[in-house]
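Here is the structure we will look at.
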2 protein chains.
Amino acid sequence: VKRIAIEEHFTTDTYLEFLKTHGAPAHGTPGSAPGARSVSAEGRIASLARMSKIIGLSKERLGEMDSAGIDMQVLSLTLPGPEIFSPAEGTEISIKMNDEIFSLMNGHPGRFASFAAIAPQDPSGSARELERAVTKLGFKGAVVNSNIQGEYMDLEKYWPIFEKAQSLNVPIYIHPKEPSMIKAYEAYPALTRAMWGFAADAGLHAMRLICGGVFDQYPRLKIILGHLGESLPFWLWRLDKQWRHEKMMPGAKQINKEPSQYIKENFFITTSGMFWPLALEFVLKAVGPDRVMFAVDYPYESSQVAVEVIDSLAIAQVDKEKIYHLNSEKVLRL
Amino acid sequence: VKRIAIEEHFTTDTYLEFLKTHGAPAHGTPGSAPGARSVSAEGRIASLARMSKIIGLSKERLGEMDSAGIDMQVLSLTLPGPEIFSPAEGTEISIKMNDEIFSLMNGHPGRFASFAAIAPQDPSGSARELERAVTKLGFKGAVVNSNIQGEYMDLEKYWPIFEKAQSLNVPIYIHPKEPSMIKAYEAYPALTRAMWGFAADAGLHAMRLICGGVFDQYPRLKIILGHLGESLPFWLWRLDKQWRHEKMMPGAKQINKEPSQYIKENFFITTSGMFWPLALEFVLKAVGPDRVMFAVDYPYESSQVAVEVIDSLAIAQVDKEKIYHLNSEKVLRL
């Protein structure tokens with residue numbers, strides 16, 4: 001079976017150097033001065049620099065793909081992304097990174113594709129760069145790292161990016177990051193990250209897009225969520241139940257459908273970092289096998305474990321093919 | 001089959017009057033002056049006053065229990081609870097409400113039990129009132145409405161309440177409320193409430209208790225979460241996976257077990273407001289049938305629907321008995 005993994009991260013020495021010289025604010029921390037540097041950002045640069053697996057398209061990466069039986073990785077720039085810089089610098093480094101990974105991918109035909117890096121704080125620049133990356137470089141969509149300096153893309157100023165994604169027929173992958181509202185998490189740094197807070201922020205972002213009417217304005221927009229949907233599938237029934245109550249409240253913003261309809265029509269969900277058969281089978285039943293796509297979250301998760309667990313699922317072979325490649329081939333037009 | 005529902009709410013005219021005269025801050029909104037009143041609090045008082053089903057132990061309540069086949073409700077004071085007042089006033093109204101519901105329950109032998117109202121912002125007063133309610137009034141534990149004026153009970157100042165609960169062998173029910181960090185939710189009031197934000201706050205509270213070492217200090221402490229566990233069961237595998245990484249980080253607070261062990265040993269989970277067979281069956285498999293207890297969330301949810309859905313589950317009869325009454329009889333010592 002062909003396997004395409006679609007939340008696979010990279011960075012490059014160019015990007016780490018840009019992070020060092022342009023400052024790396026504690027992303028997600030509201031109130032920090034623009035460009036302010038923090039111990040955690042310094043630590044992040046250092047830990048990325050030590051993680052040789054994530055730098056470029058290394059032998060280690062290709063070796064892990066080969067031994068796990070992964071035919072293709074769809075790449076995205078790892079955290080912190082261009083969303084932390086000024087608008088102009090964010091778009092400048094996005095263009096540079098998209099060009100760099102494009103040229104690296106050319107050395108390995110058929111093994112890689114990529115989501116574009118964009119800087120949503122520069123909406124028109126992001127829309128332009130998304131168009132360039134898709135039409136000139138053959139990229140498959142864009143990745144946005146959840147909150148943009150504390151904001152979410154339900155704010156209309158960000159909609160030119162959705163407008164462009166819909167017209168190009170490419171998805172936006174909303175990747176998690178530290179919550180914009182960090183205060184109640186930060187007593188335990190573990191809770192600010194992938195153990196808990198990442199999903200809290202990405203899940204909230206998705207809910208704001210739904211409640212903000214983004215999918216009424218852009219009914220063909222496709223959003224991808226990792227980690228089996230950042231808990232949205234768990235709440236699918238309750239979201240509708242509560243929405244029927246909430247939409248009657250004075251001042252409630254009205255939307256055209258029930259929340260679960262948007263989740264089933266506009267969202268795709270990946271397996272990144274959730275290699276638990278019980279949850280995988282639950283989510284497959286909740287949203288259906290046409291909306292779940294394989295992802296590992298390289299290099300933070302093991303490609304081997306991911307494949308072993310998906311291989312072991314007690315589901316129809318056709319559904320396994322959908323998860324491993326058919327759905328992503330269709331949605332990303334691979 | 002005997003049915004005991006354990007997240008069933010009430011208020012009384014006495015309480016609504018106290019809310020009016022002692023001010024009802026916009027609970028969950030940090031930075032609001034103590035005692036400050038808000039439009040939403042006024043609205044809440046008015047909507048509770050109109051909701052006759054929730055006032056006292058009405059004929060309507062008993063009628064709904066009878067027609068749904070619910071033998072017993074375990075009661076708790078609805079939002080906003082005593083956690084919004086000053087420490088002294090919070091404990092004062094807790095005592096008054098516990099006495100009042102005790103006397104109302106006496107009119108209906110065998111049909112009701114109750115969790116104590118407490119005001120955690122007065123930790124020693126809360127511990128004393130919990131002891132009085134359990135030993136003198138026969139109450140079955142206490143309910144805490146998630147964040148306490150923006151704080152969570154992993155802070156050691158609240159631990160006298162856990163100390164007392166463990167020594168009395170009674171559970172604490174952590175009931176959701178509006179998130180302490182409201183900013184990124186409040187553009188859509190729906191997201192601040194039961195549709196999304198409630199679970200975000202209660203789930204975070206539970207995770208802080210785990211990460212804060214509360215269950216290492218009080219290994220026999222029992223915490224009850226509603227709404228099928230406020231998403232913790234969905235994340236069970238990932239919590240452990242990420243914790244193995246996080247516990248190696250410099251400065252990480254160490255705990256004795258993996259997160260899922262605490263969830264499976266110290267937590268009980270109710271069905272309140274989650275009447276979706278797919279999610280119910282997932283959670284039963286994730287945490288096991290000994291840790292799931294029936295609850296409706298009266299009067300905000302329909303007792304009839306709750307019973308129909310649990311009745312319809314394709315599970316062993318013994319597991320249905322556990323959910324409906326055996327587990328709660330054991331944990332609440334009914």
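Keep in mind that what you see is a predicted model, and the values were worked out from it rather than measured. In the text below, chain A, chain B and the rest are named by the order of the sequence lines, each starting its count at 1.
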Please report the closest heavy-atom contact between [X] and [Y], naming both atoms and the distance.
| X | Y | result |
| --- | --- | --- |
| B/Cys211 | A/Tyr188 | O-CE2, 3.6 Å |
| B/Gly150 | A/Lys183 | O-NZ, 4.5 Å |
| A/Phe234 | B/Leu228 | CZ-O, 3.5 Å |
| B/Ala199 | A/Trp235 | CB-CZ2, 3.5 Å |

Chain B interface, residue from [options] that has the most non-hydrogen pairs under 4.5 Å:
| options | value |
| --- | --- |
| A/Ala279, A/Gly197, A/Gly251 | A/Ala279 |
| A/Ala252, A/Pro189, A/Gly212 | A/Gly212 |
| A/Ala200, A/Gly203, A/Pro259 | A/Gly203 |
| A/His205, A/Glu301, A/Lys253 | A/Glu301 |
| A/Arg193, A/Glu151, A/Lys285 | A/Arg193 |

Checking [X] against chain B: side chain, backbone, both or neither under 4.5 Å from a heavy atom?
| X | answer |
| --- | --- |
| A/His227 | both |
| A/Pro250 | neither |
| A/Ala194 | both |

If you measure from [atom1] on [X] to [atom2] on [Y], what distance do you get to the nearest 0.5 Å?
| X | Y | atom1 | atom2 | value |
| --- | --- | --- | --- | --- |
| A/Arg238 | B/Ser231 | CZ | OG | 12.0 Å |
| B/Trp237 | A/Leu280 | CH2 | CG | 9.0 Å |
| A/Leu204 | B/Met181 | CG | CE | 9.5 Å |

Is chain A contacted by the side chain of [X], its backbone, both, or neither, given a heavy-atom distance below 4.5 Å?
| X | result |
| --- | --- |
| B/Leu191 | side chain |
| B/Tyr300 | backbone |
| B/Ala286 | both |
| B/Trp196 | side chain |
| B/Met249 | side chain |

Checklist line | Polar side-chain atom of B/Arg208 near backbone of A/Ala184 as donor-acceptor pair, under 3.5 Å | finding: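 Looks like yes, one N/O pair under 3.5 Å.
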Check: When the ring centroid of B/Trp276 is compared with that of A/Phe282, is the distance short of 6.0 Å?
Finding: yes
